[in-house]
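Each remark here refers to the structure printed beneath this line.
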Amino acid sequence: MYRTLYHFFPGEAISRSVQSSLILFAGLLMLLLGVAYIVFVFLARRKQNRLILDNALAKEQFEKELITTEFEVQEQTRKKLATELHDNIGQLLSLTHVTLASVTPGKEEKTLMKVASATELVGRSIQELRQLSRLIHGEQLVRQGIVASIEQEITWLERTGQYSIHFKNRTKTLAAHPETELFLYRVFQEAISNLLRHSGADQIDIALDWDEDLLQLTVSDNGKGFDTSKDSRGLGLQSMQKRISMLSGTMQIRSAPGQGTSLIFSIPFLSPNN
Amino acid sequence: MLILFVEWLAFLTGLVAWKSARPVYLRIIVALLGFTVLAENFEEWSAPAFKARNRMLLYNLHSLVEITAWFVFYRFVFAENRTMRRVIPILAAMVLVFTAIEVLGYRGANRFHADSYRFYSVCVIFLSIRYLFTVLNAGHVYYPSREPVFWFAAGSIIFHLVFFVHLTVINIPEFTKDMESIHTFVLLLTIANIAYYLLLCTGLCTTFFLGRRSAVPSSQA
């Protein structure tokens, strides 16, 4: 519309001028500016859409991994539970059964000794059951914080009597990040599991540091170590690396043949004030 | 003729999209296109004597309808934005009062109300840019190309920017004396007109080719 409007405005002689050219330039510039802005909005929006979709995908993967991790922690607890029931409580109760079965009526002195022995065995079984209930409770400990979970894990390791374990906790009040802590706890479990299976170590050093925005967990052993330059990343290490990456953290492996291994996990861990 | 053709094209697309137009306020633009086509054809085919006498009256009448249509349209677009909901009627009232003063007062009904139309152009450009800004900042996935309002706003910005400059320079003697400049500017206006109607046409096409989703990134609007 309005395409012939200029006919109705005054204008007589025809002469070229710089002003006219400038005005034309202004008109053209306006047109180009308008087009440029629209194109900019269009492209920027497309980029933003991609970013939103990527974030949604990452969030979805994180949530999936979180469920897997929760499941794995539960699975680990169940395995320990089964082992404890079979190896300790089962043995103690079998022994109690044998002891009580061998009681012969009429031999009062022997009977008293056997009953005393059975009582002791039952007492030990009760103690073991208490420990076991702590293990089940340990699953809930994860929700109470990484420190409590690590301590619980160490308690179980110490019970084997095969390892000398040192835990240095340099965190005083650690902010609560349940999801991050669950991931880290699972990584710690995997690190310990790897260590027990492959290192042949008898000494384990664990350290937990927090400097307001970075949480560092170090698991070291005096085992046989390995050559890090060779591609020796098994499934365990890959899984740990994946979980740490999901927390935007890093995993360092320091090892050499015959010199033990240190795994250092660093993850951003802000205090609630930040 | 080319402008007439794209006007018709946009209007016919609007008619085809009429039923599927969701939200319903998209029909305001179809109705505006219908009125434009009617006015333009009437002006084109009327007798020269009538044309000379009444062309400006027709332009002024058309611009009044156009002003009202775009303000009402943007009032619906920003229905969920409390500030804009208040600002738009105020702007519309200011433009209409200004137009009344110009047409009934110092300029007269037989000349185009360039000053108030320039003010209106600034308002519509502002509303269109505000809409595109909303699109830019929507926190969720949002595809502007599937959104008729995006195309309408794009067309509106291009057309009103060029027309604003046109109405600003039209009274400068240096410019109106230079026929070559005028011809170039007419070319520029033609491009702006064609872009405007083609973008409206594209927006209307999205309503029946892609189906309707959210009208506006409402969480941000």
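A note on names: the letters A, B, ... follow the listed sequences, proteins ahead of strands, and every chain is numbered from 1.
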Subject >> chain A contact via I129(B) - which portion, at a heavy-atom distance below 4.5 Å >> reply: both
Original post:
Is atom CZ of F40(A) surrounded by more than 12 heavy atoms (other residues, nucleotides or ligands) closer than 6.0 Å?
Top reply: no
Original post:
Given the options I158(B), T168(B), L132(B), which has more heavy-atom pairs under 4.5 Å with chain A than any of the others?
Top reply: L132(B)
Original post:
OH/Y143(B) to CZ/F42(A) distance, rounded to the nearest 0.5 angstrom?
Top reply: 11.0 Å
**OP:** First locate atom CG of L31(A), then atom CZ of F163(B), and finally report the distance between them rounded to the nearest 0.5 Å.
**Re:** 14.0 Å
Subject >> Flag, side chain of R45(A) to backbone of P144(B), donor-acceptor distance under 3.5 Å >> reply: no
Original post:
Relative to chain A, which segment of F150(B) carries a heavy atom at a distance below 4.5 Å: side chain, backbone, both, or neither?
Top reply: side chain
**OP:** Would you indicate whether F133(B), at its atom CZ, is surrounded by more than 12 heavy atoms from other residues, nucleotides or ligands within a distance under 6.0 Å?
**Re:** no
**OP:** Among the options I125(B), V165(B), I157(B), pick out the one with the most heavy-atom pairs lying under 4.5 Å from chain A.
**Re:** V165(B)
Subject >> Y37(A) atom OH, neighbour heavy-atom count above 12 within 6.0 Å >> reply: yes
Original post:
Just by distance, do the side chain of N49(A) and the backbone of V141(B) share a donor-acceptor pair under 3.5 Å?
Top reply: no
Subject >> Distance-minimising heavy-atom pair for A138(B) and I52(A) >> reply: O-CD1, 4.3 Å
